[in-house]
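Since the structure comes first, as structure tokens, the remarks are kept for the end.
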2 protein chains.
Amino acid sequence: MRDADAPLHSKQRSRLIDVANHAGVTKSVVSRVLNNDRTLSIREETRTRILDAVRDLGYQPHTGARALAGASTRALALLIPDLTNPVYSRITRGAVQQARVRGFAMLLAEDSADFGVDRQFADLVASHRVDGLLIASARPDHPLLGMLPDSRIPHVFVNRVVAGSGRNISLQIEAASQAALDHLLALGHRRIGHVSGPEQLAPTVSRRAGLLGAAAAAGIPEPSIESGEFNEQGGYAAATRLLADHPDLTAIYASTLNQAIGVLSAVHAAGLRIPGDISVISYDDLPLAGFLHPPLTAIAMPLMELGQAAVDALCAQLEGAPPEDVLVPGAPEVVVRRSTGPPRSGPPSGTAKVPS
Amino acid sequence: MRDADAPLHSKQRSRLIDVANHAGVTKSVVSRVLNNDRTLSIREETRTRILDAVRDLGYQPHTGARALAGASTRALALLIPDLTNPVYSRITRGAVQQARVRGFAMLLAEDSADFGVDRQFADLVASHRVDGLLIASARPDHPLLGMLPDSRIPHVFVNRVVAGSGRNISLQIEAASQAALDHLLALGHRRIGHVSGPEQLAPTVSRRAGLLGAAAAAGIPEPSIESGEFNEQGGYAAATRLLADHPDLTAIYASTLNQAIGVLSAVHAAGLRIPGDISVISYDDLPLAGFLHPPLTAIAMPLMELGQAAVDALCAQLEGAPPEDVLVPGAPEVVVRRSTGPPRSGPPSGTAKVPS
DNA sequence: CCGCCGGGGAAAACCGGTTTTCTAGGCGCC
DNA sequence: GGCGCCTAGAAAACCGGTTTTCCCCGGCGG
């Protein structure tokens, strides 16, 4: 035992040099062992002696020192538009989990405060706080987009498609819309309304395009579309307009679970029965959907997997791979509950023009 | 101008030494100016020269170097049990925002993965990644609780009350239960059920205690209580049991918005009308509540403020203040919607014993 | 005239790692 | 037997800040 001089009873955190002394080597060797430096040649016995010392002392590298010495910070940052939107909650969960698996910490920034978030994000990078960025909040005019291409900072876009960026991590949105339409067609619906999201947002556009394309291919009348924010109020307002302007609709496809809740509310308010008068189907499935009134038919999307895939893609960039678009696999699945049914035969039963 | 030798066109990030050269001083002076070192005496002219240089060069300190040199990391970590629970989303939002205001980054960890989260959190501290911890996820048996008192790491408990810790940041939960009961009493209810949360969880206990105390004071029969997880399924199951075992109930008070959604569903499934047969009221108000069927009466709690207060309290500790309990002000407010009304006079109308 | 004091800032040590360079010894080879 | 090479690890230079110490200089009192 050569550790007689090591401060075994010290309450201090142990440093690399302590481990080195404990193992009877220099700190450079310890560092290289811990980082799996292939250019180091070392006897197996020495290696285990070092690893034992690491364990004995409970050594934990100092993140700052590491970052300073040029290595990575092993931290990522996630920018999302709205934490209270369950869609982003799931994506965040997946991303945080996967980051953890890969040994990264995850920083969080929310765009809703929109109080200089672009600036904040730029600072995270400039101050070497993170190795890379996950951006789930890029509207086409987002200031961040202007500064990213110049910087060398690795980043991916999550659930966003920034044209030509070559680093978009996305879901099979068009296929989801196709699946939703197929479900409605199988029930016999032909006049369909769509509650869409904010204009120019990539997922909005994809869902709409998927729906319109599929409708055209199926030879049914072009779906009526109204847009609203990605929340309950947005869904409520859009559905109210749809019902008022297109009394012949028999089904509504909502772009988001939050919107769908607003849609349900608007349909109830119009005095219509679900699915008797109007069927409602939603993109995004969550446990919540099963407890609505009526339980909501929805398209389950692999949101956690999206978050995980985004972290994987970002890590690949960190390891030197060129960025590339990723389409998260997993076919959309229609979870049939009780908000969809055959279309009514006659005119709607309720007083569609008189919301309470 | 003395900056002729400064690499003005360099694309590199500028360092402290660059700023110093640009301003014609040494880096120690720059550092002390930027950190408002009161022991430094400096001419006003020099100070502005330095600040100008900082601005001109777009200087951004290297977080790692700073942390290494003994200063703080200016990062905090937040541990929450479940991101998809909107309650925690709001708390998180408040915390992230306030951290940003105070110049801190926020790291996120979720307990749901419960894949060594305590270990992960300990690591964050041990590796000097964060200055302090916000813990919103402490069950009494949480492993983290065993290790925290020893460590000198500043931390607070958010929406949790760890007895004797002296660092609990909490809401006026008892008052909220009181307000809920007052609302029901005013409507004429006397037989009340309560859907409670997981046992031993501090908020669960507080809400229950508040309700029982207020009920006793009002002289009504002791409320019937069933517990369930803090999600829709938990609320559904608990409400189903309540309805089956206590057919005389005329109102249910749910512990969480998620649970309330399950309660609504269970009441519907039992064939009962809301509020005709059963009134439902919930702790936690969110926009979502207004779009349920029927729109849900709920107690609005200042969740974002809770998150902010937690960050404030933690920062106070970082600045050397002794930890102390904080009761976030803001009286609970009953947002009356349509899920509550006068109690029915006779027996319930539905087939309460036959959930579909 | 000299010593002391305080303002203004320079110098250097240090934080804990990473990475490149260097060296001592042992071995095979010619 | 001398040489180069390989192995195993030592040494030292850095990364970019913070903080303590030190120094110079001018003014002022004795």
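Protein chains get the first letters and strands the later ones, always in sequence-line order, with residue 1 at the start of each.
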Hey, mind stepping through Asp111(A) and Ile80(A) against side chain to side chain contact (heavy atoms under 4.5 Å, CB included) and telling me if it holds?
-> CA-CA 6 Å; Asp111(A) 217 340; Ile80(A) 57 177; over 6 Å; no
So Thr84(A) and Asp82(A), side chain to side chain donor-acceptor pair (under 3.5 Å) or not? Walk me through it.
-> CA-CA 6 Å; Thr84(A) 65; Asp82(A) 180 5; 2.8 Å; yes
Apply the test salt bridge (charged side-chain N to carboxylate O under 4.0 Å, His left out) to residues Arg49(B) and Asp52(B): give CA-CA distance (whole Å), side-chain angles for both, the deciding distance (0.1 Å), then the verdict.
-> CA-CA 5 Å; Arg49(B) 192 148 38 85; Asp52(B) 286 349; over 6 Å; no
In sequence, state the C-alpha distance, the side-chain angles, and the governing distance for Asp18(A) and Arg13(A), and then conclude on salt bridge (charged side-chain N to carboxylate O under 4.0 Å, His left out).
-> CA-CA 9 Å; Asp18(A) 299 323; Arg13(A) 29 173 293 118; over 6 Å; no
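Closest to the side chain of Arg32(B), from the set dA10(D), dG9(C), dT18(C), is dG9(C). Of the listed nucleotides (dT18(D), dG16(C), dT20(C)), dT18(D) has the atom at the smallest distance from the side chain of Asn35(B). For Arg66(B), taking side-chain heavy atoms from C-beta onward, the closest of the listed nucleotides dG17(D), dG16(D), dG9(C) is dG17(D). Considering only the side chain of Thr26(A), dA11(D) comes nearest among dG17(C), dA11(D), dG16(C). When distances are taken from the side chain of Ala69(B) to each of dG9(D), dC15(C), dG16(C), the shortest belongs to dC15(C). Counting only heavy atoms from C-beta on, Ala65(B) has its side chain closest to dG16(D) among dG16(C), dG16(D), dT19(C). Taking the side chain of His62(B) as heavy atoms from C-beta on, and the options dA10(D), dG16(D), dA10(C), the nearest nucleotide is dG16(D). Which of dG9(C), dT18(C), dG9(D) sits closest to the side chain of Leu16(A) comes down to dT18(C).
Counting atom types as modelled, Lys27(A) pairs a side-chain N or O with a base atom of dG17(C) as donor and acceptor under 3.5 Å. At a cut-off of 3.5 angstrom, the base of dA11(D) holds at least one donor-acceptor pair with the side chain of Ser28(A). No hydrogens or angles were tested; on distance alone, nothing pairs the side chain of Thr46(A) with the base of dA8(D) as donor and acceptor under 3.5 Å.
Between the CZ atom of Arg43(B) and the C1' atom of dA10(C) there is a distance of 14 Å, rounded to whole Å. Atoms CG (Leu34(B)) and C1' (dT19(D)) sit 14 Å apart, rounded to a whole Å. As rounded to whole Å, 9 Å separates atom P of dG16(D) from atom CG of Asp18(B). Whole-Å rounding puts the Arg74(B) CZ to dT18(D) P distance at 11 Å. The distance between atom CD1 of Ile50(A) and atom C1' of dG9(D), rounded to the nearest whole Å, is 9 Å. As a whole-Å value, the separation of Leu40(A) CG from dA11(D) P is 15 Å. Per the geometry, CG belonging to Leu68(A) stands 17 Å off P belonging to dA13(D), to the nearest Å. Put simply, CZ on Arg38(A) is 17 Å from C1' on dA8(D), counting in whole angstrom units.
Between Asp37(B) and Gly64(B), the residue anchored nearer the 5' end of DNA chain D, judged by the nucleotide with its closest heavy atom, is Gly64(B).
Dashed line: the shortest gap from a side-chain N or O of Arg15(B) to OP1 or OP2 of dG16(D) is under 4.0 Å. Not one side-chain nitrogen or oxygen of Tyr59(B) sits closer than 4.0 Å to the OP1 or OP2 atom of dG16(D). Listed pair Arg13(B) / dG17(D) meets the phosphate criterion, a side-chain N or O lying under 4.0 Å from OP1 or OP2. Taking 4.0 angstrom as the limit, Ser41(A) places none of its side-chain polar atoms (N or O) nearer than this to OP1 or OP2 of dT7(D).
Using modelled atom types, one side-chain atom of Arg167(A) and one backbone atom of His155(A) make a donor-acceptor pair closer than 3.5 Å.
Using modelled atom types, one finds a donor on one side chain and an acceptor on the other under 3.5 Å when comparing Asp37(A) with Thr39(A).
In this structure, Ile42(B) reaches the sugar-phosphate backbone alone: every heavy-atom distance under 4.0 Å involves primed, P, OP1 or OP2 atoms, never a base.
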